[in-house]
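Here it is, the structure, as structure tokens.
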Protein chains: 2
Amino acid sequence: MTRASEGVEPPAAPAPRSTSAAREILVPSLHDEVLARLRDFIVEGNLAAGARVPERLLCERFGISRTPLREALKVLASEGLIELLPNRGARVRRIGEREMVELFDVMGGLEALAGRLACERLTEAGFAEIERLHHAMYGHYLKRDLHGYFACNQAIHDRIVEAADNAALKATYASFAGRLRRARYSANLDANRDRWGEAMREHEEILDALRRRAGAELSDILFRHLRNKRRAAADREADLAE
Amino acid sequence: MTRASEGVEPPAAPAPRSTSAAREILVPSLHDEVLARLRDFIVEGNLAAGARVPERLLCERFGISRTPLREALKVLASEGLIELLPNRGARVRRIGEREMVELFDVMGGLEALAGRLACERLTEAGFAEIERLHHAMYGHYLKRDLHGYFACNQAIHDRIVEAADNAALKATYASFAGRLRRARYSANLDANRDRWGEAMREHEEILDALRRRAGAELSDILFRHLRNKRRAAADREADLAE
DNA sequence: TCCCGCAAAATTGAATGCAAAATTACGCGA
DNA sequence: TCGCGTAATTTTGCATTCAATTTTGCGGGA
């Protein structure tokens, strides 16, 4: 057999990797797909926290041998998604209270940085787009549409990171967002109604600072915004734990 | 043969991995050593930027087979130290002007975060230690002892990150520091005498903000401090290029 | 002399094989 | 029935092997 053990997977993406004429060509890569798929698989929560990662099973699932899968495991371990126990294989990393706080703080620091950089580089059109999203989000807030609100909220933060125009920042931000998402903390955050109004007010401040291109100020607001978000998440956790 | 192709390497570290009774035990790890060694090997500049990474050679150098080495390569690629070309192997990543700026900005963001967190957690003893380093650094400055100055400078920034007491931040900071160090930008930075006095004044501000535990303020100072450092580095590069 | 094409050699990416460790299953004794 | 030691099975980590792509070396033709 060559490549897939069986017709387990449909053709998926047999498309020849883009042969764009660009000079150094961004890796069309073949096995990075395994990495991406496995990462998604874990981030989406298909594996319980603390559960062992079944090599054999995933190999069949992805139709590959152990070698590329193990390479992906090493990378995911370096990203902090899983942990490699000496002779005991890989486990999905368990995120404790303490680590959750740490991750939120780093996210806050990255958002703060993104905001500062965005102030330096944001175009009028870029700002207008964020402003539009902000108003749409406010609309959802008024209608108590949590889902729509959250989508806009996410979009705004993403736009800010995008506006920062810094590949390293963007990649690091995405990595941490994944780690937090795996802990399923950000999904149902804003169910806390008290926090909702506060968050909305903070977003008013964010938009205002952004309009004035007040980098340092926006930086500070964004960090505190994440801090409050974390606090709300922690409170909610406490509620659920009761 | 089992493990090493020959007696190429001395026993190195055959010591049984610590069997500390701690609950989940930090990975005593076996192949992570290869990862660490290879990373150092590259960060230290043993491989020219843009050069291909010779698998076969390094395998012999480390006395291992290709499998663990390739795993390490994948991890280093995810860290941004090298890049994996489709069927052309690994190359040491070339850091361009643009990316250098990006990396410095992220470092600035991380230091800003570290400073803010340090203000929340720094003990009197911790502050005293940093203050001591600051004065020692000033002494080196007066004596025009660049080497001593730089060591203290590094130590101060490290202490601030340490005081932040955030493992995720510390790891990310270390990773970016490595990437920048590979570019050999931070080593000979402060040879610029004009910049030196300015940096010293900024450090006075840093210490002052730290003493007052003024998080937001320190955060801002640290970011600008890194920005100026970067600018000085860029200028120096420009000089060398002439 | 220079350029192009073709074959040999080297390198890469991935699969398979194998020894060492861990996990599980089982049987014995209390 | 329960606990414990031992053997079978599974799993892990790494080496080796194999097909495929790329790179290198060489010769013919303009």
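Lettering of chains follows the sequences in order, A, B, ..., and the numbering in each one begins at 1.
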(request) Return yes if the base of dG13(C) and the side-chain atoms of Arg66(B) contain a donor-acceptor N/O pair under 3.5 Å, otherwise no. (result) yes
(request) Check the distance between dA22(C)'s C1' and Asn87(A)'s CG and give it to me in whole angstrom. (result) 8 Å
(message) Taking the basic N atoms (NZ, or NE/NH1/NH2) and the acidic carboxylate oxygens, is any pair closer than 4.0 Å for Arg227(A) and Glu120(B)?
(response) yes
(request) Taking only the side-chain heavy atoms of Glu55(B) (C-beta and beyond), determine which of dG13(C), dT16(C), dT16(D) contains the nearest atom. (result) dG13(C)
(request) Specify the separation, in whole Å, of atom CG of Leu58(B) and atom P of dT12(C). (result) 10 Å
(request) Looking only at side-chain atoms of Ile64(B), point me to the closest of dA15(D), dG13(C), dT12(D). (result) dA15(D)
(message) If you only use heavy atoms from C-beta on, which nucleotide in dT11(D), dT16(D), dT12(C) is closest to the side chain of Arg56(B)?
(response) dT12(C)
(message) So that I can tick it off, tell me whether Arg179(B) and Glu102(B) are bridged by a salt bridge, with the cut-off set at under 4.0 angstrom between side-chain N and carboxylate O.
(response) no
(request) May I ask you to verify if any side-chain N or O of Arg88(B) is less than 4.0 angstrom from the OP1 or OP2 atom of dT23(D)? (result) yes
What donor-acceptor contacts under 3.5 angstrom involve side-chain atoms of residues 39-54 of chain B, with partners at least two apart or in another chain?
from	atom 1	to	atom 2	distance (Å)
Arg39(B)	NH1	Glu79(B)	OE1	2.7
Arg39(B)	NH1	Glu79(B)	OE2	2.4

(request) Flag the pair Arg56(A) and Glu60(A) as a salt bridge only when some basic side-chain nitrogen lies within less than 4.0 angstrom of an acidic carboxylate oxygen. (result) no
(request) Please list residues of residues 68-80 of chain B whose heavy atoms come under 4.0 Å from any atom in DNA chain D, ordered by number; otherwise none. (result) Pro68(B)
(message) Distance check needed: dA21(C) P versus Leu85(A) CG, whole Å only.
(response) 17 Å
(message) Does this structure show an ion pair linking Asp105(A) with Arg116(B), if we count only N-O contacts that are shorter than 4.0 Å?
(response) no
(message) Quick check: on DNA chain D, is the nucleotide nearest Thr67(B) upstream (toward 5') of the one nearest Arg52(B), or the reverse? Name the residue that is more 5'.
(response) Thr67(B)
(request) Heavy atoms only: give me the nearest Ile156(A)-Ile130(A) pair and the separation to one decimal. (result) CG2-CG2, 4.2 Å
(request) Please report, rounded to the nearest Å, how far the P atom of dT16(D) is from the CD atom of Glu60(B). (result) 12 Å
